[in-house]
Amino acid sequence: MTPELEMLSRWQFGITAATHIVFPAISVGLSCWLFYWYAKYLKTNDETYLKLHNYWKKVFAVGFGLGVVTGTMMTFEFGINWARYAHAVGPILGVIISMEVITAFFLEAGFIGIFLFGSNKVSKKMMLFSNGMVALGTILSMTWILSANSWMQTPGGYLIKDGQFLAQDWMKVIFNVSFAYRLIHIMLGFALASSLLVNGVAAYNLLKKRNVEVFRKSFNQSMIVLTTVVAFQFWFGDQTVFKVGLDGGQMGKLLALEGHFTGNSTSWYLAINADQEHQVNKWVLGIPKLGGLLVNNDINKPIPSITTVPVDKQPDVNFIFYTFRVMFFIVIAIFCMAFAGLFARFRGNFFTSRFLHKFALWMTPMGFIAVICGWLTAEVGRQPFVVYGLLRTDQAYSLLQSGFVKTSLFFILLIYGVMLFYYIRFVLKHIKLGIPATTTLAAPGNSTSINHQNS
Amino acid sequence: MSTEVYFALILIGIALIAYITLDGYDIGIGLWLPLQSTNAKQRVLVSVIDTVWDGNESWIILIGTLLWGGFPGIYATVLPDNYLLFIGVILGFILRGVSLEFQDPKNTTYEKILRFIFVASSWLLVICQGAIVGNLITPFFNPAFINPVWIKVLVVLLLVFLYSVNGMNRQYEKTSGVLEDDAKKYGKIFTIALLVILSVLLLIMAQNGSLVLRLGETRKTVLLIVAGFIIGILLFIIAYYSNSSLRKAITSPFIFSFLLCSLLVIGIGVFMFPYISPAVPLSQEVSASQSGLVFLVSGVSLTFPIVLWYNLYAAKVFRGKQTTVTED
């Protein structure tokens, strides 16, 4: 049985990380959208792009701020809750995260002030440049973090000395086996999540027939991105699973995603109730032959059983089976929406189809749910290890009094709960408000008063 | 100890100076926001901060990661040893960020609640930070001579008034009218308080600190010179806020904050070397993290000048007084 302290530390980390990951998904995606709209505005002088830019900038600004503070939590949590892990991996991961702070964090921090508050202080070109630097910073940040996280999934380029991992070859550490695939996979995931948000809000306004001219543009653009990206995501998602599972040696994770305990079935399971203690499924619901086709490219070839992996190296099968399914079905739903969009274009009712717009509205938060589920699949699937195959989770957490962690968990739940409640309330209010008719269109660079845009 | 260790220590020192100077002023302004009675005045002060708070906060994240990468043994000891205090610091950061991000000038009640959270979290931050520094420093004092609790209380007060002086120096520079006058008045009071606390701490150190640490003659002399300069700067700030011709000659008192924080970090560094935490000597870390330190130091040193350049550019864009605020 897992010690209470380990469970508390894992819950705390899981909650803080799952909350945090939403904000980079918003920041990375929206900063690129903001850059695109501003660049289009500068090129075409079409003010609808500036309206879009100004409208979404507020959502970005608040999300960015919350990303900073929830990220601060993560930086220190490695040390306070996972001290044995921090000590072991510090010479590698501490260095990579430092590089992230210095190259990405400071780039964002240096230009975010100008980008959000500098409209009356700098030229339009400088505004675009600042926007670009903020976007670049968010992407760089994601890249370093993914390198560090992928190293924990598929460690390479290290040697172990006195219980610590030391870098032997930094190229192999940074560009570890799964890094490129996982980076592209999550980048596409962030692109989908932010585009679904932009798309859903555009659909809402089209349904309400408000600022139709502006939101037709963003609906069209986000649908193009979603349609293109979802196709790539299918392929990269699939490749990432196999890269981590086969090349990274995480067979436990790979097989848990399929949820088979017998090794003689070709079904693709839609639902299971796994009894991992007795290594059986209490019940399953599956589509015969589909599993063989999807996993083995052969409808008659059975899916291997997770019992081929020793019990003490198996992750929680039920948990990651379902987190993976949620992510997978959301991607299927995006695919269906993209198809409906193409169909509506063909029919000529792309901007008027209530079905399509309602579909898009329902899909608004789905990208973020998929990102969280994908992250949970990757991290919980790596269990019982923090550094796969090398450092077990039960050797990684800080040896604290569990009362301390209960206290911190209580306050974190309280504060994060209130914070998320107000953030969602803020975004919903902003969406309901739409683009106010009185919105000043004073182009950045021309205004004379201090614009307090972050209110 | 290897050259990389010294470089890593210098980098941490630079980040620490930047942090206590920059976040020091925005926490300092937060601490004393209730001194301003009207909402309008508080709004101007908040507008001095809300363009910069996240950038200023980045420096403590850098300190954390440099410590993790450079000295993982210290990172993995100091942080869990001060678990609840670090949780206090982090929740303080989160609450401050949230209270600044969710401002809504159209809803006064809501705004008042957020202001309260902002002020309370600024106090939570400085008290927890002070207690952590206090915990690091107290083992150097002989507990038979002085109760360690007193040292911790003094360090917390030192940090409170250091941030307060930084806050007032910035407020004086960035505001005008009543707010500028207040900065002048409180800046003087806080500087006197800081001078008193520092003098008490120095006296205790002179009587006792060296007993435990056995500082050599050279280090004692260096410490004495640094302490002399710090007291000189504090006296100069008091004179600055008392004398109008001095204020006309120097329009940016924030430079004093930078000098003050630099000297304090140098002083504490000289006092504590070769330790960051008395529990883990630096010499134990060297063999373990050598490979990481080389990469860390070369990577960070190369990018540091660029980082400083665009941060200075951003500071230049927002130079001048911040007195009018209009909302979209």
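Letters A, B, ... are given to chains in the order of the sequence lines, protein chains preceding strands, and every chain is numbered from 1.
- Within residues 85-96 of chain B, the residues that have a heavy atom under 4.5 Å from a heavy atom of chain A are B/Phe86, B/Ile87, B/Ile90, B/Leu91, B/Phe93, B/Ile94, B/Leu95, listed by number.
- Ring geometry for A/Tyr423 versus B/Phe102: interplanar angle of 30 to 60°, hence tilted.
- With a 4.5 Å cut-off on non-hydrogen atoms, A/Ser398 touches chain B through its side chain but not through its backbone.
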Distance-only donor-acceptor hits, side chain of residues 99-106 of chain A, under 3.5 Å, sequence neighbours excluded:
{"unit_1": "A/Glu100", "atom_1": "OE2", "unit_2": "A/Ser141", "atom_2": "OG", "d": "2.5"}
{"unit_1": "A/Thr103", "atom_1": "OG1", "unit_2": "A/Met99", "atom_2": "O", "d": "2.6"}
{"unit_1": "A/Thr103", "atom_1": "OG1", "unit_2": "A/Trp144", "atom_2": "NE1", "d": "2.9"}

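- By number of non-hydrogen pairs under 4.5 angstrom with chain B, the leading residue of A/Val405, A/Thr70, A/Leu399 is A/Val405.
- Contacts between A/Ile96 and chain B at a heavy-atom distance below 4.5 Å are absent for every atom of the residue.
- Options B/Gly55, B/Ala76, B/Ala15, B/Pro80 differ in how many heavy-atom pairs under 4.5 Å they form with chain A, and the most are formed by B/Pro80.
- Residue contact with chain B, scored on non-hydrogen atoms closer than 4.5 Å, involves the side chain of A/Ile415 exclusively.
- The part of A/Phe111 that comes within reach of chain B is its side chain, from C-beta onward, which places non-hydrogen atoms under 4.5 angstrom from that chain.
- In this structure B/Glu111 satisfies the salt bridge (Lys or Arg N to Asp or Glu O under 4.0 Å) test together with B/Arg43, B/Arg115, sequence neighbours excluded.
- Scored by the side-chain contact (heavy atoms from CB on, under 4.5 Å) test, A/Gln168 finds A/Leu159 as partners (sequence neighbours excluded).
- With a threshold of 4.5 angstrom between heavy atoms, A/Leu400 approaches chain B through side-chain atoms but not through N, CA, C or O.
- At a 4.5 Å heavy-atom cutoff, A/Met133 makes no contact with chain B through either its backbone or its side chain.
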